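See structure below.
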Amino acid sequence: MSATRVCALSDLEQDSAVRVEVEGVAIAVVLDAAGEVHAIGDTCTHGDISLAEGFVDGDTLECWAHGSAFSLRTGKPLNLPAYEPVPVFEVTIDGDDVLIDPNVKKDI
């Protein structure tokens, strides 16, 4: 499968996340303070909570329900109660298009 357009880069707000779904995979897309776009699995591994509803701080995304923060680069939780990582996906920027292939995960 090839990468799918999930949103426009210009639609993303700095230090916030949006939830998209590609081929049935829920993904949180984040524009960090440095202007880098990240894509990680949208479901917190501690509970069935959308991470896109959480808080972006630097290169982390914090689950609003239980406070676990996940690295946007590796998907690894940085604190309890979560202890399992979420997947991290490759992001391609083509002009103003943000493209993600949910079948291509980043090698961490």
Side-chain angles (χ1 to χ4, degrees):
M1 196 78 205
S2 62
T4 301
R5 182 187 186 279
V6 296
C7 64
L9 182 59
S10 58
D11 290 340
L12 297 175
E13 294 182 28
Q14 189 173 14
D15 291 330
S16 81
V18 296
R19 182 184 187 279
V20 299
E21 192 169 311
V22 182
E23 298 177 27
V25 178
I27 299 172
V29 180
V30 178
L31 177 62
D32 69 16
E36 189 173 348
V37 178
H38 305 273
I40 68 171
D42 184 51
T43 306
C44 178
T45 56
H46 172 68
D48 192 19
I49 304 292
S50 171
L51 291 175
E53 296 176 17
F55 312 99
V56 177
D57 183 20
D59 64 353
T60 65
L61 180 55
E62 181 181 327
C63 176
W64 65 268
H66 301 109
S68 287
F70 293 85
S71 168
L72 293 170
R73 299 187 187 288
T74 67
K76 294 179 182 175
L78 304 175
N79 59 320
L80 296 173
Y83 58 90
E84 293 291 326
V86 294
V88 178
F89 303 95
E90 291 287 343
V91 175
T92 303
I93 307 296
D94 183 13
D96 191 44
D97 294 333
V98 178
L99 304 134
I100 299 170
D101 184 339
N103 300 305
V104 179
K105 295 182 179 142
K106 276 188 171 180
D107 286 330
I108 307 301

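Remember, predicted model here, so these are calculated numbers, not experimental data.
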Note to self: Applying side chain to side chain donor-acceptor pair (under 3.5 Å), can you list everything that pairs with S71, at least two apart in sequence or on another chain?
What the structure shows: T74
Notebook entry, point to check: Which residues satisfy the side chain to side chain donor-acceptor pair (under 3.5 Å) test with E36, sequence neighbours excluded?
Noted result: R73
Notebook entry, point to check: Residues in side chain to side chain donor-acceptor pair (under 3.5 Å) with D96, at least two apart?
Noted result: S10
Next item on the list: Specify the closest pair of heavy atoms between R5 and D97, including all atoms of both residues, with the distance to one decimal.
Entry: NE-OD1, 2.7 Å
Note to self: Per the ring pair (Phe, Tyr, Trp, His ring centres under 6.0 Å) rule, what does the pair list look like for residues 48-95, sequence neighbours excluded?
What the structure shows: H46-H66
Item checked: Residues that, via side-chain heavy atoms closer than 4.5 angstrom, fall in one hydrophobic cluster with L78 -> none
Notebook entry, point to check: With sequence neighbours excluded, what pairs up with T92 under the side-chain contact (heavy atoms from CB on, under 4.5 Å) test?
Noted result: L99
Checklist line | D42 side chain vs A52 backbone, donor-acceptor pair below 3.5 Å | finding: yes
Checklist line | D57 atom CG, neighbour heavy-atom count above 12 within 6.0 Å | finding: no
Note to self: Please evaluate residues V6 and I27 with respect to the criterion side chain to side chain contact (heavy atoms under 4.5 Å, CB included), reporting the C-alpha separation (whole Å), side-chain torsions for both, the decisive distance (0.1 Å), and the verdict.
What the structure shows: CA-CA 10 Å; V6 296; I27 299 172; over 6 Å; no
Check: What are the two closest non-hydrogen atoms of A17 and V30, and how far apart are they?
Finding: CB-CG2, 3.6 Å
Check: Where is the tightest heavy-atom contact between I93 and V98, given as atom of each residue plus distance?
Finding: CD1-CG2, 3.8 Å
